[in-house]
Amino acid sequence: MLCVTFCITGLCSLNAQDGSNAYNFLNITSSSKIYGLGGVNISLVDDELSTSDQNPALLGSEMSGQTVLSYMHYVGGSNFAGLRFARSAGERGAWSAAVRYFGYGSIKETTPDGAIVGSFSPKDVAFGATYSHDITDRLRGGIGLNMIYSGYADYSAFAISTDLGLNYYNDERDLSLSLVAANLGGQVKRFDQSYDRLPFDIRLGWSQSFGTFPIRFSITAWNLTKWSLPYVETGDGSTDKEPVVKDSFKSNLFRHLVFGADLISSDNFYIGLGYNYKTRTDMATYSRNMLSGFSLAAGINVSSFSIGIALAQPHTGATTFMLNLNCNLNELLN
C-alpha cells in the first residue's frame, strides 16, 4: 500500500493544534471581505453574495442576480477557487448554487520504506446549494447543503454537510445577531478503514455600528462545542526551552473569538481589519511574526461590478491572498 495516509490526514484537517476533525477546509470562507475580517463572521449583513457561505441566513433576495468568482492562494502550494450564483424565490425567499475547488499542489508519492514512486495532486470539491427565507421583517433563516468529493492519490471519499442559520437584523440600530450550526453531516464513503468526522460547530455573531461613526464592529464566537482549545508555545527558538502547553481561561476564551472592524462610510469602497487569536496561537513558533492573526480586506464597487481583495500572513513562510470578482447580472442586463 502506498504511503499516503499522512497526506490524507493532514490535508483533510488543514490541521491546527487543537483539531482532530477532518474536512476543516469547510471553515475557509470564499469571501475576501470576511477573510479580511478575521476569517470567520456570521453576522455581517451586506449586499454581497459571498458572505452567505458563513451563514445561509445572510442570503437574501437583495442579492438576486449576483455572480461571484473567488480565488485564494493559501499556504504552501494550495490554491482554491469558487463560483456562486443567487436568485430570489418569491417575495420572501432566495436560493443560491455554488461550487468550490480546493487544490493542494503536487505531493511526492512514496512506498512505506520511503522510495519515491511518483507524485499526486490531492483535491477537494464541494457542490453547494443554499435557501433562505424571511420569517419576519427582522428575522431570517437559512439552510445550506454541501456535497463533498475528496480525491487523494488512489483514495477517494464522499461526504455531505449541512449548515443551519438564523439572523436578526435591526436596520434602525444597524444591529445584527446570528446563530449558526455549521457542518452537520458525515462521511458517506470513507478513504479507507477509519471514519473522518466533519468539523461540527456552533457559532454566535454580533455586528453593529453606532450612530454616525463610520465603523462597524464584529465579534464572532466559534468552536463553541468545546471550551478547552489548548495550544503549544514553542518559544522564539533562541533557547532550548521545552514547549509549554497553554490552556488557561484567558487563552481559551480568546481562541474562541474573532474580531473585525470595517469602514462603512461609502457604498463605493470598504476597508476591513480583522484579528483571529486562534490563528496567531496556532502559529506559535519562532517563525511567527507580529502580523500573525491579523488580516486586511479592501474593495471597490463600480456600477454592477465589485472587486474585493484580502491579505494575511499567518507566519513568515506563508502569505495568503484572496480575490473576489462580483457581477450583478440583473443590473448588467437592464
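All values below come from the heavy atoms of this structure, side chains included, with hydrogens, waters and symmetry mates left out.
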Quiz item: What pair of heavy atoms forms the shortest contact from Ser132 to Leu59, and how long is it?
Solution: OG-O, 2.7 Å
Practice problem: Check the pair Arg216, Asp46 against salt bridge (charged side-chain N to carboxylate O under 4.0 Å, His left out), reporting the backbone distance first and the verdict last. | Solution: CA-CA 11 Å; Arg216 173 173 50 188; Asp46 228 339; 3.3 Å; yes
Self-check item: Polar contact flag, side-chain donor to acceptor under 3.5 angstrom, Thr220-Arg203
Solution: no
Quiz item: Of Thr320, Asn324, Thr29, which meets side-chain hydrogen bond (donor to acceptor under 3.5 Å, both in side chains) against Tyr35?
Solution: Thr320
Practice problem: Check Ala157 against Gln187 and note the closest heavy-atom contact, atom names and distance. | Solution: CB-NE2, 3.6 Å
Exercise. Consider only side-chain N and O atoms of Ser207 and Ser218, and report whether a donor and an acceptor are under 3.5 Å apart.
Key: yes
Quiz item: Strictly by modelled atom types, are Lys189 and Ser156 linked by a side-chain donor-acceptor pair under 3.5 Å?
Solution: yes
Quiz item: When you check the side-chain N and O atoms of Asn326 and Gln66, is any donor under 3.5 Å from an acceptor?
Solution: yes
Practice problem: Report yes or no: is the cationic atom of Lys33 (NZ for Lys, CZ for Arg) under 6.0 Å from the centre of the six-membered ring of Tyr270, at an angle within 45° of the ring normal? | Solution: yes
Quiz item: What heavy-atom pair brings Ile34 and Leu44 nearest, and what distance separates the two atoms?
Solution: CG1-CD2, 4.5 Å
Quiz item: Going by an N to O cut-off under 4.0 Å, is there a salt bridge joining Asp201 and Lys226?
Solution: no
Practice problem: Locate the shortest heavy-atom distance separating Ser64 from Arg87; write the atom from each residue and the value. | Solution: OG-CA, 3.6 Å
Practice problem: Over 60° means perpendicular and under 30° means parallel, so classify the ring planes of Phe210 and Trp206, tilted if in between. | Solution: tilted
Quiz item: For the residue pair Tyr277 and Tyr275, does the interplanar ring angle fall in the parallel (under 30°), tilted (30 to 60°) or perpendicular (over 60°) class?
Solution: tilted
Self-check item: Tyr152 OH to Ser121 OG distance, which is reported to the nearest 0.5 Å
Solution: 12.0 Å
Quiz item: Does the ring center of Phe102 lie less than 6.0 Å from the ring center of Phe80?
Solution: yes
Quiz item: Is the side chain of Asp171 donor-acceptor paired with the backbone N or O of Asp174 at a distance under 3.5 Å, no angle test?
Solution: no
Quiz item: Is the backbone of Arg190 close enough, under 3.5 Å, to the side chain of Asp196 for a donor and an acceptor to pair up by distance?
Solution: no
Quiz item: Going by distance alone, is a donor N or O of one side chain under 3.5 Å from an acceptor N or O of the other, for Ser31 and Asp53?
Solution: no
Self-check item: Pairing of Arg92 and Glu62 as salt bridge, 4.0 angstrom limit
Solution: no
Quiz item: Which heavy atom in Pro56 sits nearest to a heavy atom in Thr130, and how many Å separate them?
Solution: CB-CG2, 3.6 Å
Exercise. State whether a side-chain donor-acceptor pair under 3.5 Å links Asn27 with Asn183.
Key: yes
Self-check item: Ring geometry between His256 and Trp227 (parallel below 30°, tilted from 30 to 60°, perpendicular above 60°)
Solution: parallel
Quiz item: In terms of ring plane angle, is the pair Tyr23 and Phe191 parallel, tilted or perpendicular, where the classes change at 30° and 60°?
Solution: parallel
Quiz item: Looking only at heavy atoms, what is the nearest atom pair of Ser178 and Asn55, with distance?
Solution: OG-ND2, 3.3 Å
Exercise. For Asn146 and Ile148, indicate whether the former's side chain and the latter's backbone hold a donor-acceptor pair under 3.5 Å.
Key: no
Exercise. Start with the C-alpha gap between Asp124 and Arg100, add the side-chain angles, then the distance that decides, and say whether salt bridge (charged side-chain N to carboxylate O under 4.0 Å, His left out) holds.
Key: CA-CA 8 Å; Asp124 296 293; Arg100 295 189 70 190; over 6 Å; no
